[in-house]
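Both ligands and their constituent atoms are indexed starting at 1 by order of listing.
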Amino acid sequence: MQTVRLALIGFGNVGQGFAQILLERANDYADNLGVRFIIVAVNDLLRGSAFNPEGLELSALLQAKDISSLPAGTAGWDAFETIARSNADVVIELSYTNLQTGEPAISHVRAALESGKHVVTSNKGPVALQYAELSALARSRNLQIGVEGTVMSGTPSLHLGMELLAGAGIQRVQGILNGTTNYILTQMENGASYSDALAEAQIRGYAEADPTGDVEGFDAAGKVAILSALLMNTPLRMDQVDRTGITGITRSDVDQAKAAGQRWKLIGSLEKNQDGIFASVKPVRLPFEHPLANVNGATNAITYTTDLLGDVTLIGPGAGRMATGYAIICDLLGIYRR
Ligand code: HSE
């Protein structure tokens with residue numbers, strides 16, 4: 001039995017969802033998958049930090065308002081001390097996403113790799129902005145970076161694209177890549193106001209800390225940039241993604257589309273041809289018969305158009321604490337079951 005020690009940087013929605021999954025399933029993973037995951041360190045800007053080399057007790061961790069007050073271990077380390085000084089095998093980077101600078105997450109990821117630890121992250125900033133550099137650093141140290149949670153939360157869209165379709169010749173990627181906006185559009189069609197639907201998306205843990213990133217299309221644009229870097233080997237700056245969000249769409253637009261047998265969807269798109277890569281995020285009116293028109297709520301979908309297989313579509317959860325928590329498990333199993 002292999003024991004894998006984890007340090008969490010950030011303990012918001014995703015970190016808590018991940019800890020909850022371990023609380024419920026760590027024994028099952030140990031018995032059936034041969035790996036025991038323990039959380040030895042947590043650092044959170046708002047809730048404090050704690051380190052116990054033998055593992056923190058998960059139910060106490062989940063209930064603690066002040067993590068530093070947990071029994072046993074060292075308290076009060078900052079993020080970089082937690083990364084460098086804990087005995088973790090893997091640093092799980094879950095600080096707030098910043099798609100302009102990627103910080104502080106980029107520095108956390110670098111520090112983790114430089115101290116010989118694998119990295120798993122659902123933070124879109126470092127992956128959208130510096131994936132090539134960070135994965136080169138990881139390779140040079142024989143370490144891995146898991147990034148599954150950055151697109152479609154725990155639905156394994158990136159493993160599908162990067163591994164299973166790597167030889168199929170991906171030419172185009174299209175999808176519903178943001179859970180919050182899809183949830184809002186669905187709720188508006190069901191009669192809710194825009195602001196009530198957004199508030200509910202925040203309560204359910206779908207939205208970013210600043211939901212402007214969701215509704216103005218920045219989050220989906222970041223995911224399009226991630227898909228370009230990971231699947232088409234072409235890093236894009238955020239301003240290279242032609243972006244429109246959903247804030248211009250009114251209840252009456254939604255009702256008019258419905259009356260015409262159509263539905264508004266925020267579609268992210270990436271296309272490669274001889275002139276280069278074209279990337280966009282914009283609201284599109286789709287007929288009810290279109291497969292993406294029937295992907296509702298916080299569910300996301302991605303269609304890979306490939307040379308060899310034609311279209312391959314994956315549909316599944318796109319946001320939420322447990323769904324994104326599962327992405328971390330998916331990456332950890334990718335590292336430790338290989
Ligand atoms: N805020 C994001 C969304 C979270 O709504 O899709 C998942 O990346």
Side-chain angles (χ1 to χ4, degrees), residues 10 12-18 92-100 102 105 120-129 131 146-159 161 173-188 192 194-195 197-227 229-230 238 241 243 245-247 249 264-269 281-283 292 295-302 314-331:
N13 272 325
V14 180
Q16 290 168 41
F18 171 67
I92 302 186
E93 211 296 331
L94 305 172
S95 67
Y96 292 134
T97 288
N98 180 327
L99 282 167
Q100 260 77 53
V120 170
T121 187
S122 63
N123 191 318
K124 285 150 273 198
V127 189
L129 302 177
Y131 183 73
V147 300
E148 184 59 71
T150 60
V151 177
M152 282 180 76
S153 68
T155 305
S157 57
L158 296 177
H159 276 78
V173 187
Q174 251 194 327
I176 296 173
L177 301 175
N178 179 268
T180 301
T181 47
N182 206 47
Y183 180 82
I184 292 172
L185 292 171
T186 301
Q187 292 300 96
M188 283 169 76
Y194 171 89
S195 54
L198 172 57
E200 185 63 28
Q202 289 177 293
I203 290 167
R204 290 172 178 239
Y206 302 151
E208 297 299 296
D210 176 0
T212 315
D214 296 292
V215 295
E216 296 292 1
F218 290 105
D219 176 80
K223 290 165 177 164
V224 168
I226 289 170
L227 290 163
L230 273 56
M238 290 298 289
V241 182
R243 174 194 51 79
I246 63 158
T247 47
I249 296 186
W264 283 101
K265 293 291 175 192
L266 186 68
I267 302 293
S269 180
V281 170
K282 56 182 174 218
L292 294 182
V295 174
N296 292 316
T299 304
N300 281 187
I302 196 162
L314 180 69
I315 300 174
R321 60 194 333 234
M322 299 300 267
T324 314
Y326 181 71
I328 310 303
I329 302 282
C330 180
D331 281 332

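Residues passing the side-chain contact (heavy atoms from CB on, under 4.5 Å) test with Ile302 are Met152, Ser157, Val173, Leu177, Leu227, Tyr304, Leu314, sequence neighbours excluded. The side-chain contact (heavy atoms from CB on, under 4.5 Å) search around Ala128 returns Leu99, Ala225, Ile226, not counting sequence neighbours. With sequence neighbours left out, Thr324 forms a side-chain contact (heavy atoms from CB on, under 4.5 Å) with Val14, Ser122, Ser153.
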Under a 3.5 Å threshold, I'd like every N/O contact between ligand 1 and protein atoms, with atom names and distance.
residue, atom, partner, partner atom, Å
ligand 1, 1 (N), Tyr206, O, 2.7
ligand 1, 1 (N), Glu208, OE2, 2.7
ligand 1, 1 (N), Asp214, OD1, 2.7
ligand 1, 5 (O), Asn178, ND2, 3.4
ligand 1, 5 (O), Gly179, N, 3.3
ligand 1, 5 (O), Thr180, N, 2.9
ligand 1, 5 (O), Thr180, OG1, 2.6
ligand 1, 5 (O), Tyr206, O, 3.1
ligand 1, 5 (O), Asp214, OD1, 3.4
ligand 1, 6 (O), Asn178, ND2, 3.4
ligand 1, 6 (O), Gly179, N, 2.7
ligand 1, 6 (O), Lys223, NZ, 3.2
ligand 1, 8 (O), Lys124, NZ, 2.8
ligand 1, 8 (O), Lys223, NZ, 2.9

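Counting all heavy atoms, side chain and backbone alike, Thr97 lies closest to Lys124 at OG1-N, 3.4 Å. The heavy-atom pair separating Tyr326 from Gly154 by the smallest distance is CD2-O, 3.8 Å.
Residues Thr121 and Asn123 have side chains that never bring a donor and an acceptor to within less than 3.5 angstrom of each other.
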